[in-house]
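For reference, the structure discussed in these notes is given below.
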Number of protein chains: 2
Amino acid sequence: MDSRDRRRAATLAEIKAAARRLLVSGGSAGVGLRAVARELGLTPPALYRYFPSHEALIGALIADLYDELTTALMDLQCADEDADLGARLYLLANGLRDWALAHPAEFGLLFGTAVPEPDGDGHEETPGHQAAMRFGALFKELVAQIWHQKPFPHPADDELGTVLVEQLTAESEHFHGMPPGAIYLSLNYWTRLYGLICMEVFGQLHWVLPDAAAYFEAQLFEIGQALGLDCPEPE
Amino acid sequence: MDSRDRRRAATLAEIKAAARRLLVSGGSAGVGLRAVARELGLTPPALYRYFPSHEALIGALIADLYDELTTALMDLQCADEDADLGARLYLLANGLRDWALAHPAEFGLLFGTAVPEPDGDGHEETPGHQAAMRFGALFKELVAQIWHQKPFPHPADDELGTVLVEQLTAESEHFHGMPPGAIYLSLNYWTRLYGLICMEVFGQLHWVLPDAAAYFEAQLFEIGQALGLDCPEPE
DNA sequence: GTTAACAGTTAACGCTGTTCACTCAAGCTC
DNA sequence: GAGCTTGAGTGAACAGCGTTAACTGTTAAC
């Protein structure tokens with residue numbers, strides 16, 4: 001009952017490796033159930049011993065990719081153990097962009113398609129969703145650390161409007177008790193970073209900026225300032 | 001040769017209407033060639049009299065949707081003929097968000113998928129691409145008008161770095177001769193607006209903000225300020 | 001009135017995800 | 001060790017997909 005399980009785990013890893021290979025070479029459309037089976041010299045129905053459907057296979061691949069990205073970013077920001085928190089956020093943001101540019105197909109699979117609405121009742125608890133949460137926590141944790149080490153100036157409640165303050169306050173526990181204005185700036189950081197990288201990777205930017213590296217750098221400086229950080233000046 | 005052409009144009013419109021219907025009801029995956037044919041009571045090969053491939057049909061649908069969005073936004077900002085330019089930009093931004101939220105499937109088809117790289121030599125001249133250009137021109141024109149009416153303070157060249165200034169200057173003609181710093185702020189406006197709407201529509205935001213309307217309003221105020229506008233204060 | 005062009009159909013090909021019935025080898029129990 | 005069970009893998013099949021080829025009517029033009 002042991003060597004049996006090991007063999008199963010091995011082929012399961014092989015399946016996901018083949019799927020990954022097909023994703024890189026042919027985009028998300030290229031990773032079909034039959035194509036994966038062909039890659040392994042198996043017949044298509046054999047894969048149903050490991051995944052209940054094609055969608056489940058893709059879901060497992062997504063979860064794996066999220067985890068890979070998360071650990072890659074953790075390694076990156078923990079490499080300079082004595083780096084200050086601002087530098088770590090800078091590493092995180094740049095690391096995310098580098099990963100996205102180096103693995104556009106994988107990034108597209110993770111962030112390019114629409115996330116299904118949270119079905120209200122039972123929290124959509126797919127492995128991919130959980131992995132995405134772990135990924136998102138990276139940023140929340142780091143921003144909260146930055147805040148608690150040196151609180152940055154943030155908009156007052158009456159500048160944000162009562163509705164927004166109420167919504168942000170509801171998220172306060174997820175941000176380690178930060179005030180609404182500080183959560184607003186953190187959300188701003190994430191929103192702009194995410195938007196920038198998506199636009200660059202998905203090519204929505206290179207009809208005006210063929211190489212968006214300098215623009216990204218300038219924007220990173222700008223959004224870091226809002227969090228009280230002085231990131232490296234652009235060139 | 002006249003009633004013939006009219007009949008052809010009519011069925012062509014019917015095809016695109018059916019495709020649109022399927023897009024709304026079943027997402028971009030639902031608008032298949034056979035499904036469109038079924039919707040019209042035709043056999044699948046009949047559609048090849050009107051489009052050389054399924055991809056071409058989707059392309060035509062995309063172009064139509066771009067044009068619909070463009071004219072809708074033009075109508076919106078021209079309804080108040082005497083509104084000042086800042087208010088028109090505000091209408092444009094809010095109109096885009098409203099359209100995206102009201103037509104998520106259409107928005108996903110237009111902006112959700114990756115844009116193919118510009119192939120360098122011959123400018124990718126699909127109808128969809130041209131329509132996207134007309135859409136993008138809406139913003140460029142309006143921002144340029146705002147700039148020429150009342151130039152807003154913008155970062156100096158040495159604040160942006162030589163590389164970025166060079167790239168922005170190359171785009172100067174498309175922005176009616178605006179200086180690099182002003183183009184930078186315009187790009188910033190578009191980038192943030194686009195990122196915000198994409199995140200909201202694609203559900204990447206509603207795990208932290210179930211209703212992003214207030215956040216959007218606050219951000220719109222912020223990015224408008226950078227262009228020297230005083231948009232309506234949040235609530 | 002003949003001819004040519006065109007809309008549309010039927011049949012088929014190769015592809016996809018998926019299911020069912022089956023085989024064969026490995027592991028456990030008596 | 002014999003018998004049984006479990007599970008990995010196969011082959012055949014189904015429905016649906018985009019696409020092509022050959023064919024049938026209808027309709028406009030000379």
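It should be emphasised that the depicted structure is a prediction, and the values quoted were computed from it without experimental measurement. Each chain gets a letter, A, B and so on, in the order the sequences are listed, and its residues count up from 1.
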So does B:R34 reach the base of D:dG16 with its side chain, donor to acceptor, closer than 3.5 Å? no

Give the rounded distance in Å between these two atoms: CG of A:L57 and P of C:dT16. 14 Å

Taking the six-membered ring of A:F216, is NZ or CZ of A:R97 closer than 6.0 Å to its centre and within 45° of its axis? yes

B:D5 CG to D:dA29 C1': how many Å, rounded? 14 Å

Can you tell me the distance, in whole Å, between the CD atom of A:E14 and the P atom of D:dG9? 10 Å

Measuring from atom CG of B:L209 to atom CE of B:M199, what distance do you get when rounded to the nearest 0.5 angstrom? 9.5 Å

Picking from D:dT20, D:dT19, D:dT6, the nucleotide nearest the side-chain atoms of B:L33 would be D:dT19

If the plane angle is over 60° it's perpendicular, under 30° parallel, otherwise tilted; pick one for B:F135 and B:W190. perpendicular

Value in whole Å for how far the C1' atom of C:dG17 lies from CD of A:E55: 12 Å

Round to a whole Å and report the spacing from CD1 of A:I15 to P of D:dG9. 8 Å

Using a heavy-atom distance cut-off of less than 4.0 Å, which residues of residues 46-54 of chain B contact DNA chain C? B:A46, B:R49, B:Y50

Mark yes when over 12 heavy atoms from residues, nucleotides or ligands other than B:R7 sit less than 6.0 Å from its CZ; otherwise mark no. no

B:R6 side-chain N/O to D:dA28 phosphate OP1/OP2 under 4.0 Å: no

Side chain of A:R4 - closest among D:dG7, C:dA11, C:dT19: D:dG7

To the nearest Å, how far apart are B:R7 CZ and C:dA7 P? 11 Å

Start at the 5' end of DNA chain C and walk down; is the nucleotide closest to A:R38 or to B:P44 reached first? B:P44

Using whole Å, what does the distance between atom P of nucleotide D:dC17 and atom CG of B:L22 come to? 11 Å

Would you indicate whether A:Q145, at its atom CD, is surrounded by more than 12 heavy atoms from other residues, nucleotides or ligands within a distance under 6.0 Å? yes

Donor-acceptor pairs are to be reported for all side-chain atoms of residues 18-30 of chain A against protein atoms at under 3.5 Å, with residues two or more places apart or in another chain.
{"unit_1": "A:R20", "atom_1": "NE", "unit_2": "A:E106", "atom_2": "OE2", "d": "2.8"}
{"unit_1": "A:R20", "atom_1": "NH1", "unit_2": "A:E68", "atom_2": "OE1", "d": "2.7"}
{"unit_1": "A:R20", "atom_1": "NH2", "unit_2": "A:E68", "atom_2": "OE2", "d": "3.2"}
{"unit_1": "A:R20", "atom_1": "NH2", "unit_2": "A:E106", "atom_2": "OE2", "d": "3.2"}
{"unit_1": "A:R21", "atom_1": "NH1", "unit_2": "A:E39", "atom_2": "OE2", "d": "2.8"}
{"unit_1": "A:S25", "atom_1": "OG", "unit_2": "A:R21", "atom_2": "O", "d": "3.3"}
{"unit_1": "A:S25", "atom_1": "OG", "unit_2": "A:L22", "atom_2": "O", "d": "3.3"}

Within this structure, what is the CZ-to-C1' distance between B:R8 and D:dT26, rounded to whole angstrom? 16 Å

Between A:N94, A:L92, A:L220, which is the residue that forms a side chain to side chain contact (heavy atoms under 4.5 Å, CB included) with A:L193? A:L220

